[in-house]
Amino acid sequence: VRVANAFVKRNENGEITALHLSPSNEMNPFNTAVRERESFSIIRKLAVKESIKLDTLFKASNDIDKDVVAAINSGVYDMAIVGVGRSIYEGTVLGRMVGIGRRIIDPERLIDTLTGKEGLFERTDLEDRVRQILRESRIPVGIYVERTLDKLERITVPFFNLGDSFLLTYAQKLVHNQGARVALLDVGDVFGQSPEMLATVRALLEASPGKLELRRTSDSDNTFAEGQDLMLISIESWKRAVEKQSPWLSTAPSTLIMRP
């Protein structure tokens, strides 16, 4: 919820809706209200504590996987965030943001583990669900990997190739809506390969003095993500980093892995 809110915090039209899907065979007229209240207890407390505008939606489902994909592709949402956790579809988050898109959908807690020493998607039932969302979603999808996230003040966005240019839009939203300090990391002189991309970065730097910075680094630098609250990275760059076992993976903060 905190990450979703960072994209819409200062947007008057922004919305975040928490969605909980429960198997229909576990529901009856007597336990629905209790299950709904228990499902959203923690997330509602966080919303009150951090003044997050939050709606909730509780739904019984005969096919959770199918219903999540259907919700993503309903035309209502513009971005999906799949989070990492110990249980499946526990407190999913939906939101709305104008600019990148009006709304975010966040079916969180889908992958058991996702670390630098393991494959990005192993052949397990949990990760099959993630692959299904990535394969069938018609909107941008993010995979959220949480490692202790107490605040969202410092965010790093590494660029490993020209295909990562779409991340600039998300970086701009985090600056505008969250007021975060965002470091754009040019890994391997990516910006030097594209005058248009470099011009866009310079325009963003001028528009957000003190909030955006451009730094050059390399994939062998295992410190470039230290001291950051969140890292925003493309899924292709993350896959390559995992395959190469890049040293910075061990010190990476909470991470939002984006597929455009």
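Since this is a predicted model, take the numbers as computed values, not measurements.
- When all heavy atoms of Gly163 and Asn161 are compared, the closest pair comes out as N-OD1, 2.9 Å.
- Between Phe191 and Phe159, the ring-plane angle classifies as tilted under the 30° and 60° cut-offs.
- The side-chain contact (heavy atoms from CB on, under 4.5 Å) check on Asp189 picks up Asp186, Arg216, with sequence neighbours excluded.
- Remark: side-chain polar atoms of Arg259 are not paired, donor with acceptor, to backbone N or O of Ile235 under 3.5 angstrom.
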Would you please test Val182 and Leu232 for side-chain contact (heavy atoms from CB on, under 4.5 Å) and show each step?
CA-CA 10 Å; Val182 177; Leu232 193 64; over 6 Å; no
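- The closest side-chain heavy-atom distance from Leu134 to Ile143 is below 4.5 Å.
- Scored by the side-chain contact (heavy atoms from CB on, under 4.5 Å) test, Asp229 finds Leu149, Lys151, Glu153, Arg154 as partners (sequence neighbours excluded).
- Across Pro158 and Leu167, no two heavy atoms sit closer than the pair O-CD1, 4.0 Å.
- Atom CD of Glu236 and atom NZ of Lys239 lie 4.5 Å apart (nearest 0.5 Å).
- Ile42 and Phe40 are members of different hydrophobic clusters when ILVMFWY side chains are connected at heavy-atom separations under 4.5 Å.
- Checked by atom type and distance alone, the side chain of Ser41 never pairs as donor or acceptor with a backbone atom of Arg37 at under 3.5 Å.
- The shortest heavy-atom contact between Arg2 and Leu152 is O-CD1, 3.6 Å.
- Every side-chain hydrogen bond (donor to acceptor under 3.5 Å, both in side chains) that Ser24 has, sequence neighbours left out, goes to Asn62.
- Annotation: side-chain contact (heavy atoms from CB on, under 4.5 Å) contacts of Val48 (sequence neighbours excluded): none.
- Remark: side-chain polar atoms of Thr200 are paired, donor with acceptor, to backbone N or O of Glu196 under 3.5 angstrom.
- Annotation for Val157 and Ala171: closest pair CG2-CB, 4.2 Å, computed over non-hydrogen atoms.
- Applying the side-chain contact (heavy atoms from CB on, under 4.5 Å) criterion to Ser208, with sequence neighbours excluded, gives Val175, Lys211, Leu212.
- Interatomic distance, CG of Leu168 versus CE of Met197, reported as 5.0 Å (0.5 Å rounding).
- Side-chain atoms of Phe166 and Pro140, non-hydrogen and from C-beta on, never get closer than 4.5 Å to each other.
- Distance alone, capped at 3.5 Å, is enough to place a donor-acceptor pair between the Asn31 side chain and the Glu26 backbone.
- Taking CD1 of Ile257 as the reference point, atom CH2 of Trp238 lies at 4.5 Å (rounded to 0.5 Å).
- Ile233 contributes atom CD1, which lies 3.5 Å from atom CH2 of Trp248 (distance to the nearest 0.5 angstrom).
- The shortest side-chain heavy-atom distance between Leu230 and Ser254 falls under the 4.5 Å cut-off.
- Across Ser218 and Val187, no two heavy atoms sit closer than the pair C-CG1, 3.8 Å.
- The backbone N or O of Pro253 sits less than 3.5 Å from a side-chain atom of Thr255, completing a donor-acceptor pair.
- Pairing each heavy atom of Ala6 with each of Asn177, the nearest pair is O-CB, 3.2 Å.
- With sequence neighbours left out, the side-chain hydrogen bond (donor to acceptor under 3.5 Å, both in side chains) criterion links Thr251 to no other residue.
- We find the CD-CG distance between Gln193 and Leu198 to be 11.5 Å, quoted to the nearest 0.5 Å.
- Between Ser234 atom OG and Arg240 atom CZ the span is 6.5 Å, to the nearest 0.5 Å.
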